[in-house]
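The basis for the numbers below is simple: all heavy atoms, side chains too, and nothing from hydrogens, waters or symmetry mates.
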Amino acid sequence: AVGGTDVKSYSEGNTRIKAPKVMGHEFTGCVEQIGGVGGYAPGYRVVMATSVSCGECAYCRKGWRNLCADVAPMGFSYPGGMAEFVAIPARAIENGHVIKCPHGMRPEHAALAEPTSCAVNSLSHCRLQGGETVLVLGAGPMGLLNVCVARSLGAGKVILSEINDERLAQAEGLGCDVLVNPTKQDLAKVVLAETDGIGADVAIVAAPAAPPQEQAVQLVRKRGVVVLFASLPKGKHMLSMDSRAIHYGELTVVGTSDSTPEHVKTAVELLASGKIPAEKLATHVLSLDDIFKAYDLMVSGESLRVVLKP
């Protein structure tokens, strides 16, 4: 699948990718050949937690493999999945980064396991017990994946905020209860009206812009959770937040980045069970030869996820 990082790397370059390098970190494949590894057989469909951890640093020892001090991602440190074949590095297998898919799982859906796992990580910070109101700011593909995962994990009401009406239209049928364009409606008033005047239990900011990240602390109830899911670009990454809202409301403000093998396992389960509507998220399936068309579809916003088949 083509992600936002792929598009940015192609159009703007990426200091973490030293050309020539096969890109792609949202992929699935069937085992073709095995070199001294147990537990797998030719024909198995697998996906990966593609930020390959070292297994030895302080963060890995705590189980925080997504925060590994010596992380080596597929498509960055190792050749990625936009190819007919990909070699899985030994340390990925040794450290549990290769996850088997259920028999019969469609490859177009399995390819969404990695981005879905990032939303699973995001929601893991939210302390959902069931019935909570979750506000998602930003209706790009990753925002919509957060919507889907929140709903699948028991959110009682999901409010989606997005300044682009076409993006809002793409969210239809994905589990949103309330759609808001904050350029046309007062988002704070809508949230209060939908939550008996106290604010959302959780706000997940999937929009890569400072204003929604700064506003989020005003949109949650006391002891609410704000998740900064989207990264801001270098040079535009400083925020001005209301510390009094955080202090007196006893808010939790947390960042979330990438995912672990456990998050990927959960993502596979959600996709395979149909709890995540993968057929609505993988809006286009193209040949690998059409990769530049895929980039155009992503940039235009016409697609959610484009899946490439070699």
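- Rounding to the nearest 0.5 Å places CD of Glu279 at 10.0 Å from CG of Leu112.
- Taking the side chain as every heavy atom from C-beta outward, Glu114 and Asp258 approach each other to under 4.5 Å.
- Between Lys157 and Glu132 there is no salt bridge, since none of the side-chain N atoms of the basic residue sits less than 4.0 Å from a carboxylate O of the acidic one.
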Only distances under 3.5 Å count here; give the side-chain donor-acceptor pairs of residues 137-145 to other protein atoms, sequence neighbours excluded, each with its distance to 0.1 Å.
none

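- By the neighbour-count criterion of 12 heavy atoms within 6.0 Å, atom CD1 of Ile163 is sparsely surrounded, having that number or fewer from other residues, nucleotides or ligands.
- Atom NZ of Lys21 has more than 12 heavy atoms from other residues, nucleotides or ligands within 6.0 Å.
- None of Val268, Val31, Ile99 except one satisfies the side chain to side chain contact (heavy atoms under 4.5 Å, CB included) rule with Val46; the exception is Val31.
- Atom CD in Glu269 sits 12.5 Å away from atom OG1 in Thr116 (nearest 0.5 Å).
- Counting heavy atoms from C-beta on, the side chains of Val52 and Met74 come closer than 4.5 Å.
- Residue Val307 is found in a hydrophobic cluster whose other members, listed by chain and number, are Val285; membership requires side-chain heavy atoms under 4.5 Å apart, directly or through intermediates.
- Remark: Lys184 engages Asp165 in a salt bridge, criterion side-chain N to carboxylate O under 4.0 Å.
- A distance of 5.5 Å separates CD1 of Ile291 from CG of Leu308, quoted to the nearest 0.5 Å.
- Val178 is not listed as a side-chain neighbour of Leu160, based on a closest heavy-atom distance of 4.5 Å or more.
- Atom CG in Leu281 sits 13.0 Å away from atom CD in Glu108 (nearest 0.5 Å).
- In this pair, Tyr10 and Tyr295 present their aromatic rings parallel. The plane angle is below 30°, not in the 30 to 60° band.
- Listed for the Asn14 side chain is a donor-acceptor partner under 3.5 Å among the backbone atoms of Arg16.
- With Thr256 as the fixed residue, the side chain to side chain donor-acceptor pair (under 3.5 Å) test singles out one of Asn66, Asn121, Asn146: Asn121.
- Interatomic distance, CD of Gln170 versus CG of Leu179, reported as 12.0 Å (0.5 Å rounding).
- Inter-residue side-chain proximity for His284 and Ser303 is flagged as met; some heavy-atom pair is nearer than 4.5 Å.
- Between Arg91 and Asp70 there is a salt bridge, with a side-chain nitrogen of the basic residue lying less than 4.0 Å from a carboxylate oxygen of the acidic one.
- With contacts defined as side-chain heavy-atom distances shorter than 4.5 Å, the pair Phe85/Glu32 qualifies.
- By the 6.0 Å contact criterion, CD on Glu166 is open, its count of non-hydrogen atoms from other residues, nucleotides or ligands being 12 or less.
- The side-chain heavy atoms of Asp201 and Val225, taken from C-beta on, include no pair separated by under 4.5 Å.
- Under the 6.0 Å distance and 45° angle rule, Lys100 counts as a cation-pi partner of Tyr40.
- Using a 4.5 Å heavy-atom cutoff, the side chains of Ser287 and Lys309 are not in contact.
- No salt bridge links Glu162 with Arg167; every basic N to acidic carboxylate O contact stays at or beyond 4.0 Å.
- Contact check for Val149 versus Ser122: no side-chain heavy atoms found under the 4.5 Å cut-off.
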